[in-house]
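Worksheet: one structure, shown below.
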There are 4 protein chains.
Amino acid sequence: MPRSTKAAEPMLVPESVSRQPQQGRSKASLGRMLAAAEKLMLERGNEEFTLQEVSKGGKVSIGSIYLRFESKDNLVRAVIANELERIAADEATMMAEVVAASADLAAFMPRYVESYAEVLRQHAPLLRLSMQRASFDPLVSEPGKQRAFRSEEAAVAAMLGYRAEFCGNRHEQKAKAAFHIIFATLARQLSLGSTGESASLRDWAELKAELGRMCLTYLKQAE
Amino acid sequence: MPRSTKAAEPMLVPESVSRQPQQGRSKASLGRMLAAAEKLMLERGNEEFTLQEVSKGGKVSIGSIYLRFESKDNLVRAVIANELERIAADEATMMAEVVAASADLAAFMPRYVESYAEVLRQHAPLLRLSMQRASFDPLVSEPGKQRAFRSEEAAVAAMLGYRAEFCGNRHEQKAKAAFHIIFATLARQLSLGSTGESASLRDWAELKAELGRMCLTYLKQAE
Amino acid sequence: MPRSTKAAEPMLVPESVSRQPQQGRSKASLGRMLAAAEKLMLERGNEEFTLQEVSKGGKVSIGSIYLRFESKDNLVRAVIANELERIAADEATMMAEVVAASADLAAFMPRYVESYAEVLRQHAPLLRLSMQRASFDPLVSEPGKQRAFRSEEAAVAAMLGYRAEFCGNRHEQKAKAAFHIIFATLARQLSLGSTGESASLRDWAELKAELGRMCLTYLKQAE
Amino acid sequence: MPRSTKAAEPMLVPESVSRQPQQGRSKASLGRMLAAAEKLMLERGNEEFTLQEVSKGGKVSIGSIYLRFESKDNLVRAVIANELERIAADEATMMAEVVAASADLAAFMPRYVESYAEVLRQHAPLLRLSMQRASFDPLVSEPGKQRAFRSEEAAVAAMLGYRAEFCGNRHEQKAKAAFHIIFATLARQLSLGSTGESASLRDWAELKAELGRMCLTYLKQAE
DNA sequence: TATGAATGAGTATTCATTCAT
DNA sequence: GATGAATGAATACTCATTCAT
């Protein structure tokens with residue numbers, strides 16, 4: 001793809017890039033082509049595979065792929081969209097569990113950092129591909145932004161559940177800042193944004209601990 | 001490049017990817033080809049240009065390019081290496097100025113965050129390319145890590161200059177954590193890691209302020 | 001079709017390319033597919049359409065098309081054959097009227113040229129497609145020749161009805177020549193043979209008049 | 001080609017579709033690719049060949065073809081343009097000879113018909129391809145029209161050289177009509193416009209004779 | 001040194017035809 | 001009879017790299 005995309009519906013749910021609701025045999029073959037494509041994307045990179053390979057690996061004909069997807073680009077987007085849906089679900093579950101288990105902010109913050117890190121870590125490989133692609137494909141970046149915004153809302157809401165413990169009065173603002181800083185730090189450590197210069201701190205576990213501590217101190221003690 | 005790299009010398013100084021110390025006319029034409037390549041990379045992306053275009057834009061023959069660089073990949077790496085050197089220089093200057101102007105940690109932290117953000121912002125476009133490429137090219141990611149490590153050392157040293165004000169006794173560890181968190185947050189906000197999901201906080205200026213405040217509180221008050 | 005044709009029955013009546021005498025619903029759907037194909041052929045060219053499109057436009061399944069026609073080629077031939085039948089009918093009617101209305105050769109010739117031109121003009125679009133296809137498909141060119149031969153016979157017979165006025169004694173030969181020249185000139189002017197270089201005479205009406213005059217003079221006065 | 005063409009310079013001289021004036025080895029390889037393409041076009045039809053085949057047959061690399069021609073379409077156009085130039089030259093020579101050898105119109109007309117028929121016959125195969133292509137490619141049809149117009153001018157001028165013998169006073173008009181009728185008849189007989197329904201007159205030699213006679217009678221005796 | 005013409009492997013996409021239902 | 005999902009062969013074009021001059 002020469003780094004440009006057509007008109008474009010802004011949503012990246014699997015339905016917007018795939019073609020028809022499938023069932024039975026069709027659904028199975030759709031699954032096989034998505035799985036084959038995902039495998040290749042993870043091994044080689046977002047676009048570094050051929051449809052020939054997907055056809056072979058997924059035991060589907062080339063024509064079948066074009067029956068479901070308008071283009072190779074849309075196949076790539078579908079793989080990403082699928083993963084983003086799984087992540088959103090995991091994130092929601094995680095957040096509910098963390099809130100339920102945390103009596104106060106001091107319990108919440110480290111647990112949240114740790115759990116969020118784990119969710120991201122589990123999905124890191126495809127998340128990385130998703131973010132790489134988002135850097136030039138609006139059909140991926142737009143819905144990605146939506147999703148990030150909903151993550152922020154959920155996290156901010158959870159923190160504000162402990163607002164009685166907050167210091168100062170810019171509660172929401174501070175919660176937002178905390179979320180951004182947490183996400184940025186975790187993403188970087190998991191090399192989501194890129195691989196390059198991350199992971200130089202000997203102890204990643206340690207950074208997570210400091211991150212929780214920092215946010216806790218910030219929310220409770222910064223004016 | 002199909003995501004693989006040959007032998008691979010681990011350094012990415014301009015000399016390791018370029019061929020020989022140039023002089024006079026040769027040096028000028030080397031400059032023109034680097035400038036032409038950089039322009040194209042910024043306009044289109046890391047590899048989305050042809051050597052034909054570099055040849056035209058830089059008024060150098062294709063043969064000349066291969067006289068200086070073993071491959072197109074090495075040309076790309078040289079452009080990146082050049083920029084990384086400029087960044088390192090700017091960063092060192094910036095750090096010296098910030099330290100000189102800051103009497104205590106409360107003065108240092110916000111000024112450092114602000115100034116570092118500015119340095120990164122100025123170099124963001126090529127830095128973005130550099131990080132994209134680092135995600136699959138060890139010849140870019142390895143030296144990138146080195147450079148990041150030196151940035152960390154400098155920042156940690158600067159913060160430790162104010163260690164008397166630190167709370168607790170894990171001084172170095174906390175300084176390292178602060179640096180990581182600052183860098184990750186700034187990088188993300190500048191879309192260095194990718195573009196996708198960044199920049200959802202209304203006020204980027206505000207995030208920088210919070211970031212400084214958070215680190216300050218953390219260093220001075222977290223046990 | 002890569003310019004080759006199988007076995008090949010030499011007739012191109014609709015029955016030879018279609019499969020069975022249809023009736024009721026089937027006949028209606030046959031009509032719809034022929035109409036849809038004709039529409040597409042006129043819009044885009046002889047083969048520049050897909051069966052998918054015929055299926056959609058004619059509200060018939062792809063399978064249905066293959067139930068009636070052995071191949072896409074035969075569908076195209078059927079569209080052409082249908083049109084050729086319509087033309088033959090129009091031509092016969094036209095000829096009868098012209099003869100009935102013409103007392104002598106001086107009345108007949110211009111009227112015939114004019115009327116024949118009108119018949120060809122009305123059918124020009126499909127006639128053009130027919131002739132394009134005939135250039136490489138014997139299944140179209142062979143029956144086309146038959147039809148042209150019958151046109152010639154009818155025209156020659158009509159002219160010979162006025163043989164008393166002919167000069168010289170190679171009556172039939174001259175009538176044939178006149179027919180050929182008339183047909184060739186009209187066909188060219190209507191861009192039947194191709195589009196290219198036709199229609200450069202300012203006044204097409206004028207050319208028809210000259211054509212009639214020329215043939216009249218030729219038949220009555222050439223030795 | 002999906003039957004549409006870009007902006008388009010209206011001329012179809014070899015220079016407008018080819019890329020650079022060649023010399024030496026380059027010129028030879030350009031010649032080989034044109035010859036190979038022409039051979040394939042004559043065997044199969046205008047576009048019914050692959051560049052792979054041209055590469056093999058002409059002993060040139062695919063890349064070389066694209067070095068000379070922007071597209072396969074332009075290669076086809078170049079083959080046609082070359083032939084059109086040769087035809088124009090032959091036609092001019094022929095016309096000069098015919099005029100030089102003809103004392104009066106009675107000598108000129110049959111000789112002209114005969115000679116023009118011969119020129120067209122010699123070039124018939126490629127001329128046929130040219131006209132087929134012209135039916136949908138303006139880059140071929142436009143210059144084709146120009147060329148036809150110049151043919152008309154030359155023929156009309158030649159006939160008017162004998163205007164003293166003309167009857168009536170619409171001299172130019174009649175000469176034009178005669179040319180059109182001659183060209184149309186010859187073209188049709190040579191199956192230039194298509195193949196289909198031509199050549200049904202037993203004796204093609206005879207038709208040419210009648211054609212000459214008809215035009216002669218027309219010019220000298222039609223009022 | 002310097003040039004830039006020549007090379008040719010590699011790949012997304014279309015669409016006539018088949019055949020299980 | 002009717003359907004339309006599945007098949008997969010076939011092909012124009014790009015561009016990094018080489019090497020004769």
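Throughout, protein chains are lettered first and strands after them, A, B, ... in sequence-line order, and every chain is numbered starting at 1.
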### Donor-acceptor under 3.5 Å (C/Ser55 side chain, C/Val60 main chain)
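At least one qualifying donor-acceptor pair exists.
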Rounded interatomic separation in angstrom, taking [atom1] from [X] and [atom2] from [N]:
X	N	atom1	atom2	value
D/Leu67	F/dC13	CG	P	15 Å
D/Asn74	F/dA12	CG	P	14 Å
D/Arg44	F/dA10	CZ	P	13 Å
C/Phe69	F/dA2	CZ	P	13 Å
C/Glu53	F/dG4	CD	P	17 Å
B/Met33	F/dA16	CE	C1'	16 Å
A/Lys27	F/dA6	NZ	P	14 Å
A/Ile65	F/dA5	CD1	P	17 Å

Below 4.5 Å, heavy atoms only, C-beta onward: do [X] and [Y] meet side chain to side chain?
X	Y	answer
D/Leu75	D/Leu34	yes
C/Asn82	C/Val79	no
A/Asp73	A/Asp137	no

### Verdict with supporting geometry, B/Arg44 and B/Glu53, salt bridge (charged side-chain N to carboxylate O under 4.0 Å, His left out)
CA-CA 12 Å; B/Arg44 316 240 200 105; B/Glu53 291 169 316; 2.6 Å; yes
### Modelled atom types, side-chain donor and acceptor of B/Ser135 and A/Gln132, under 3.5 Å
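Yes, a side-chain donor-acceptor pair sits under 3.5 Å.
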### Query
Between the side chains of A/Ser64 and A/Ser61, is a donor N or O closer than 3.5 angstrom to an acceptor N or O?
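Yes, a side-chain donor-acceptor pair sits under 3.5 Å.
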### Summary
Symbol by symbol from the 5' end, with Watson-Crick or G-U pairs under 3.5 Å, [ ] crossing and | another strand, DNA chain E is .||||||||||||||||||||
#### Entry: Nearest-nucleotide 5' precedence on DNA chain E, D/Val60 against B/Ser55
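Its nearest nucleotide lies further toward 5', so the answer is B/Ser55.
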#### Entry: Pairwise 5' ranking along DNA chain E for D/Ser61 and B/Ser61, keeping only the more 5' one
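Looking at the nearest nucleotide for each, B/Ser61 comes out on the 5' side.
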### Message
Each nucleotide in nucleotides 10-17 of chain E should get exactly one letter: B, S or -. Can you fill that in based on protein heavy atoms under 4.0 Å?
### Response
-SSBBSSB
### Message
Does F/dA2 have its OP1 or OP2 closer than 4.0 Å to a side-chain nitrogen or oxygen of C/Arg68?
### Response
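True: C/Arg68 side-chain N/O within range (under 4.0 Å) of F/dA2 OP1/OP2.
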### B/Ser64 vs E/dT3: side-chain N/O to OP1/OP2 distance below 4.0 Å
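Yes.
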### Task
Find out whether the Lys NZ or Arg CZ of B/Lys39 is both under 6.0 angstrom from the six-membered ring centre of B/Phe49 and within 45° of the ring's axis.
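Geometry flag: not set, cation outside 6.0 Å or 45°.
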#### Entry: side-chain contact (heavy atoms from CB on, under 4.5 Å) partners of A/Gln52, counting only residues at least two apart
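By the side-chain contact (heavy atoms from CB on, under 4.5 Å) rule, A/Gln52 matches A/Thr50, A/Ile62.
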